Amino acid sequence: MASEHIEHKLALLPDEPGCYQMKNINGKIIYVGKAKNLKNRVRSYFKSSHDGKTARLVAEIADFDYIVTSSDKEAFLLEITLIQKWQPYYNIKLKKGTGYPYIKITNERDPKLELTGDVKKDGAYYFGPYPNVYAAQETIHFLQKVYPLRRCNGFQGRPCLYYHMGQCLGACWRTVPEEEYAAQIAKIRSFLDGNTGRVKQELTQRMEKAAKKLEFERAAELRDQLHYIEVTVEKQKIISTDRTQRDVFNFYMDKGWISIQIFFIRQARLMKRESRLFPIATTAEEEFETFILQFYDRKNNVKPKEILVPSGLDNDVLEQVLEVPVRTPQRGEKRALMELAAKNAKIKLDEKFRLLELDNRTTVGAQNEIFAALGLAPGHVIEAFDHSHIQGTNPVSAMVQFVDGRPEKTNYRKYKLAEAENEHSADEVANTYEVIRRRYSRLLKEHAAMPDLILMDGGEIQMNAVKDVLENELNLAIPVAGMVKNDKHKTARLLYGDFDAPIDLDPKSQGFYLLERIQEEVHRFAITFHRQLRNKNSLASRLETIQGVGPKTRSKLLRKFKTMNGIKAASMEDLQAAGVSKAVAQAIKLSL
């Protein structure tokens, strides 16, 4: 049932296209969506029955905002921008990874072939994606032997080794005509588009010619190149009668989850396949459109010549935004590809459900138990902190993040802290003030999402320091609880509330096990970081006890030999080559 506040706002919604932002009780944006008609779309959340992730989303909505756009295309683009800016919990979010491997023909006066995962708008030609780096490297090695461009660093007044091997056109010693490069690039692109007949004919002729001249090594090399084509290109089943580069998208949805399959069709063959699984909060079609737009918004995805999608999507708007033909095949081999993608999507989702049945109780359910014990509405992100030092030296702090009961290790953070003035509790307070101030002022500056709960490994003193920074310095209202251990140094209970009251969890509950895991994980992470720092400092200290070795010499040695064992194993000549005098080198050898 919508609140009175929401009912009033629903009545004011316009019959216009735009984007809407759902907010929780803390004002945090938890979902962003697009709509051709804002009034109908937003009202559907509160006037219809829901289940699964949609029901959880609606239960958390305390308010909403919206932005009217001038067209559907503008709403599509704005939605992606807002998702990237706010990273809402209930939206599908694609991480910006290192990308797939591509072969690149550089856009230079003397072009060359490169392997890259970083696609840029630099006028170069990119072909891929390849299933893995090895496959792309093998193709580059083949092309460098058959259709060489430039392999050297450029003009050096004499032919390079690759030129003598027939793998460079000679930019190292001559001005290669642009027409010569253009001819080679045309052959390379033709091969990459799947036209292998021409290169096979050329290689066969060269092999026969070499054999007639009794150049058997050369003939064997050419035979191996022909074999490469047969086992790496022609071995793959041809699944398309044309050579169009196309990406095929399809999905399967069940029980609030969407399973997405992407087929990359290159050289008339299935070059690569990718699977994605997400719980979703709205219609499958709406989430699927957003996924496709985000997929090509990432810098490392090259758009093909054609995109195939299932029926039910707004192909016209997708085509306007992506500037690539977006089609839904009705019959023939393209239709068969769509059905194959849908079949694979269903298989992947069925596997996921079998695993979820085993896993869900110990993750999402466990985290909900912790929030319920503290009297908080269900949340998703917990961040926990712990400090480590020895008598005030080398103080560090560590933060771990758990999302829906699972560690999100990419978001773990380490902090070197200011040296403490003494070894007692006042230092713990100073450490807490520093790390909390640094962490959450950074998130504010980056407009990043805040956690739903902060856990401190410590008692009331650290908790009050956290609350002081959050409330009085940063104006943030994030719940804070303390993780308390018993006299055997084992997880015992939580402290929470205005008076830091003890909160007990059932020791046999999944929530208690998760709390134990969080406390052990943040302690492990902090101790490991402290040991690394201490070992590094003790190595530096040991070096500086040697006569003639100061901070500069120490830095030279560590840069060159990395470890104490590396320095020990170095010869007198190696030490002197690193910039150390003979006398100091002798002192190091004697001391170590």
Side-chain angles (χ1 to χ4, degrees), residues 94-108 110-153 160-162 165 167-168 184-185 187-196 199 203 221 224-240 243 245-249 260-277 291 294-305 307 341 344 348 409-410:
L94 275 64
K95 295 178 180 178
K96 293 187 180 289
T98 55
Y100 308 119
Y102 285 86
I103 288 177
K104 175 182 180 180
I105 304 174
T106 61
N107 180 27
E108 302 173 85
D110 295 294
K112 61 181 178 179
L113 285 166
E114 290 180 345
L115 171 64
T116 185
D118 187 11
V119 176
K120 301 175 181 175
K121 292 182 179 178
D122 54 3
Y125 174 76
Y126 294 88
F127 182 85
Y130 279 84
N132 52 58
V133 170
Y134 174 76
Q137 283 174 332
E138 287 295 295
T139 303
I140 287 178
H141 293 158
F142 170 78
L143 290 169
Q144 285 169 336
K145 293 172 185 174
V146 181
Y147 296 131
L149 296 174
R150 169 175 66 89
R151 286 197 74 179
C152 56
N153 292 327
C160 67
L161 175 62
Y162 290 117
M165 294 167 62
Q167 296 182 29
C168 179
Q184 290 289 74
I185 289 171
K187 292 175 184 177
I188 292 170
R189 292 185 63 165
S190 176
F191 173 79
L192 291 176
D193 285 335
N195 302 310
T196 58
V199 67
L203 291 173
E221 185 182 336
D224 292 342
Q225 291 173 12
L226 278 165
H227 181 65
Y228 166 83
I229 295 174
E230 291 164 2
V231 300
T232 61
V233 180
E234 295 183 343
K235 185 181 177 183
Q236 294 172 285
K237 181 183 175 184
I238 292 178
I239 58 174
S240 175
R243 306 283 178 185
Q245 297 179 16
R246 59 172 59 92
D247 293 348
V248 180
F249 289 82
I260 297 172
Q261 285 280 312
I262 311 147
F263 289 172
F264 301 92
I265 312 299
R266 306 290 186 271
Q267 299 173 330
R269 295 163 174 84
L270 178 56
M271 180 74 79
K272 181 178 174 65
R273 183 189 79 162
E274 185 159 330
S275 304
R276 299 294 183 87
L277 294 162
F291 173 88
Q294 286 193 73
F295 186 82
Y296 290 113
D297 191 62
R298 299 185 305 171
K299 68 176 183 179
N300 290 314
N301 286 344
V302 174
K303 294 173 192 172
K305 302 297 182 189
I307 297 170
N344 278 274
K348 281 289 181 184
K409 295 197 175 184
T410 55

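What you see is a predicted model; the values in this text were computed from it and never measured. We're numbering straight along the sequence, starting at 1.
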Problem - With sequence neighbours excluded, residues passing ring-ring contact (aromatic ring centres under 6.0 Å, His included) with Y162 - result: none
Exercise for the section: Answer yes if the side chains of E108 and T106 hold a donor-acceptor pair under 3.5 Å, and no otherwise. Expected result: yes
Completion exercise
For L115 and Q137, the nearest pair of non-hydrogen atoms, with its separation, is CD2-CG, 3.5 Å
Handout entry: Salt bridge flag under 4.0 Å for residues D247 and R266
Key = yes
Problem - Minimum-distance pair of heavy atoms, taken over all atoms of A136 and I103 - result: O-CD1, 3.9 Å
Practice task
Compare every heavy atom of R150 with every heavy atom of K112, then report the nearest pair and how far apart it is.
Solution key: CB-O, 3.0 Å
Exercise for the section: Enter the distance from L192:CG to I105:CD1 here, rounded to the nearest 0.5 Å. Expected result: 6.5 Å
Practice task
Using the ring of Y125 (Phe, Tyr or Trp, six-membered ring only), decide whether R189 places NZ or CZ under 6.0 Å from its centre and within 45 degrees of its axis.
Solution key: yes
Exercise for the section: Take atom NZ of K348 as the centre, draw a 6.0 Å sphere, and report whether it contains more than 12 heavy atoms from other residues, nucleotides or ligands. Expected result: no
Practice task
With rounding to the nearest 0.5 Å, note down the distance linking CD1 in I307 to CD in Q245.
Solution key: 12.0 Å
Exercise for the section: Give, for atom CD of Q144 and atom OG1 of T139, the distance between the pair rounded to the nearest 0.5 Å. Expected result: 11.0 Å
Exercise for the section: Take the angle between the ring planes of Y102 and Y126 and call it parallel below 30°, perpendicular above 60°, tilted in between. Expected result: perpendicular
Practice task
Please round to the nearest 0.5 Å and tell me the distance separating atom CZ of F291 and atom CZ of F249.
Solution key: 6.0 Å
Practice task
Test F127 against I188 for side chain to side chain contact (heavy atoms under 4.5 Å, CB included), laying out the working first.
Solution key: CA-CA 10 Å; F127 182 85; I188 292 170; over 6 Å; no
Problem - Check ion pair R276-E274 (N to O, under 4.0 angstrom) - result: yes
Handout entry: Atom pair SG/CD of C152 and Q167 - distance to nearest 0.5 Å
Key = 12.0 Å
Practice task
Check for a donor-acceptor pair, side chain of Q184 on one end and backbone N or O of P148 on the other, with a separation under 3.5 Å.
Solution key: yes
Problem - OH on Y130 to CD on E138, rounded to 0.5 Å - result: 11.5 Å
Practice task
List for me each residue that meets salt bridge (Lys or Arg N to Asp or Glu O under 4.0 Å) alongside K104, sequence neighbours excluded, and say none if there are none.
Solution key: D122
Exercise for the section: Under the side chain to side chain contact (heavy atoms under 4.5 Å, CB included) rule, what do I262 and V248 come out as? Steps first, then yes or no, please. Expected result: CA-CA 6 Å; I262 311 147; V248 180; over 6 Å; no
